[in-house]
Amino acid sequence: YGNLIDNKFLGERELREEKVVDILTQIVSSPLAERVARCLRDRLGRKLEPFDLYYRDFSPTARGKPALRFDIRKKYPNARALSDAIPEILVKLGWKRNRARWIGSKIRVDNGRSAGHAWPPYHDSDVQLLRVRVDKQGCDEINFETFMHELGHCVEGVLTSYEMDYKTLWGVPNTAFTEGFAFTFQDRTDQILGRKKRAQADAVTLQRFWEPFEIAGSALTEIRLFHWLYDNPRATPKQIMLAIRRIGDEVWEEFYARIFGPDSHGLMSVYSHIVWGEFYLAEYPLGYVIAYQIRKFLEGKPLPDEMERMCAAGRIYPEPWMKAAVGREISVEPLLRDTRAALKRMEY
């Protein structure tokens, strides 16, 4: 398309820049943010500081008992044990046993140095890779939750590859879509471990809103910076540094100062992705929005039937995929609607 901006939006994401910017702006400009912030302030018991933008614990969770941790580590002592457990986990999630065995046979679990990662197959004889950290003592609860998240990616990877009619259809429209399945699997960790659901639903909804609210501002900063770069092709590194700080401060003043105060401390400009991530930041808030729509649709429905139906569409354009999957286009409205309802029930 002649420039990186259009290549990213029209070529890779296959979504218009105006559509993505509108979604991000709806999130950061929503008056719901002030109400969620009041809830956060009461939870912390103090005035909010700019770094509270990164808060990640709205959901009151009960930590597992030591004995439960020991049992998990004993049951999953290494990556091979996790690989062998996949068919039975899928059966618990509703898949028929033969189908669960076939899906599991296409996934290999490796011990990873980082938290977790999934890597799709690229040809018929390849396997879907799942990496998760397993310590010498075995897989603990935290890493098992990561394993469940990555397993969602991997099951999607299997369902959108080997059985597709054409190789060009392998996968989902873009990286944001697979997160919906990954989060759905992660949400069902308690079910697989046989423990009571730890999270209160309304608090989880507030968390789902706060996640894209945090990163959407930096994504807008990155988009505005790349437009500035094309307007200033001979800019020096120092000029770029000053420009990104200025643009980030403008985004902060426009969307965040009403909650956290006027001093941004450079938080909108701090992400290293802006330097090396090839215009990536918008994937995060967009992924949260798409994931919420998918997870919301899957609530109360048989996961195997609906997930296989969605995955059968393959790598088509994002908007037709979403309409076929959940019945409407990509939209932040379901998240805003549910956040509004949750705040009302919580009397905020």
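Quantities reported herein were computed from a predicted structural model and do not represent experimental measurements.
Of all non-hydrogen atoms in C139 and V134, the two that sit nearest each other are N-CG1, 3.7 Å. Closest heavy-atom contact between R133 and R113: NH1-O, 3.1 Å.
Separation of atoms CD (E222) and CD1 (I5) is listed at 10.0 Å; rounding is to 0.5 Å. Note that CG of L242 is 8.0 Å distant from OG1 of T236, once rounded to the nearest 0.5 Å. The CZ atom of F51 lies 10.0 Å from the CZ atom of F260; values are rounded to the nearest 0.5 Å. Distance check: T184 OG1 to Q186 CD gives 10.0 Å after rounding to the nearest 0.5 Å. Put simply, CG on L151 and CD1 on I107 are 5.5 Å apart, with the number rounded to the nearest 0.5 Å. Rounded to the nearest 0.5 Å, atoms SG (C39) and CD (E347) are 11.5 Å apart.
For the pair R46 and D52, the salt-bridge criterion is met [side-chain N within less than 4.0 Å of a carboxylate O]. A salt bridge links K19 and E319; the closest N-O separation between the charged side-chain nitrogens and carboxylate oxygens is under 4.0 Å. We find that E308 and K96 are not joined by a salt bridge, their nearest charged nitrogen and carboxylate oxygen being 4.0 Å or further apart. Ion pairing between a basic and an acidic side chain is recognised when a charged N comes within 4.0 Å of a carboxylate O; R38 and E34 show no such pairing. Look at D249 and R245 and you find a salt bridge, because one of the NZ, NE, NH1 or NH2 atoms lies within 4.0 Å of a carboxylate O, short of that distance. Under the 4.0 Å criterion applied to side-chain N and carboxylate O atoms, E283 and R13 are assigned as salt-bridge partners. The pair D187-R208 meets the salt-bridge criterion, with a side-chain N (NZ, NE, NH1 or NH2) lying under 4.0 Å from an Asp/Glu carboxylate O. The pair K75-E88 fails the salt-bridge criterion, with no side-chain N (NZ, NE, NH1 or NH2) lying under 4.0 Å from an Asp/Glu carboxylate O.
A donor and an acceptor atom, one from each side chain of D42 and Y348, are located under 3.5 Å apart.
Below 30°, between 30° and 60°, or above 60°: for H117 and W119 the angle between ring planes is between 30° and 60°, a tilted geometry. The aromatic rings of F213 and Y256 lie tilted to each other, with the angle between the two planes from 30° to 60°. Aromatic ring orientation, H153 versus H149: perpendicular (interplanar angle above 60°, classes split at 30° and 60°). In this pair, F185 and W95 present their aromatic rings tilted. The plane angle is within the 30 to 60° band. Between F181 and W321, the angle of the ring planes goes over 60°, which puts this pair in the perpendicular group of the 30/60° scheme.
Other residues, nucleotides and ligands place no more than 12 heavy atoms under 6.0 Å from the OH atom of Y166. More than 12 heavy atoms of other shown residues, nucleotides or ligands fall within 6.0 angstrom of atom CZ in R99.
Inter-residue side-chain proximity for I86 and F147 is flagged as met; some heavy-atom pair is nearer than 4.5 Å. Looking at heavy atoms from C-beta onward, N3 lies out of side-chain contact with F226 at the 4.5 angstrom threshold. With a 4.5 Å cut-off on side-chain heavy atoms, R340 and L32 count as touching. With contacts defined as side-chain heavy-atom distances shorter than 4.5 Å, the pair W228/I240 qualifies. Between E214 and R56 the shortest side-chain heavy-atom distance falls below 4.5 Å. Residues V132 and E150 have side chains not in contact (no heavy-atom distance under 4.5 Å, counting atoms from C-beta outward). By the 4.5 Å heavy-atom criterion applied to side chains, V21 and T25 are counted as neighbours.
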- Do E250 and R246 pass the salt bridge (charged side-chain N to carboxylate O under 4.0 Å, His left out) test, and can you show the C-alpha distance, the side-chain angles, and the key distance before you say yes or no? CA-CA 6 Å; E250 290 171 354; R246 175 183 55 78; 3.1 Å; yes

- Item | Steps toward salt bridge (charged side-chain N to carboxylate O under 4.0 Å, His left out) verdict (R309, D305) | CA-CA 6 Å; R309 177 185 65 81; D305 295 347; over 6 Å; no

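Ring-centre distance between Y1 and F9: not below the 6.0 Å cut-off.
Placement of L129 and F144 in two distinct hydrophobic clusters is found when ILVMFWY residues are connected by side-chain heavy-atom separations under 4.5 Å, directly or transitively.
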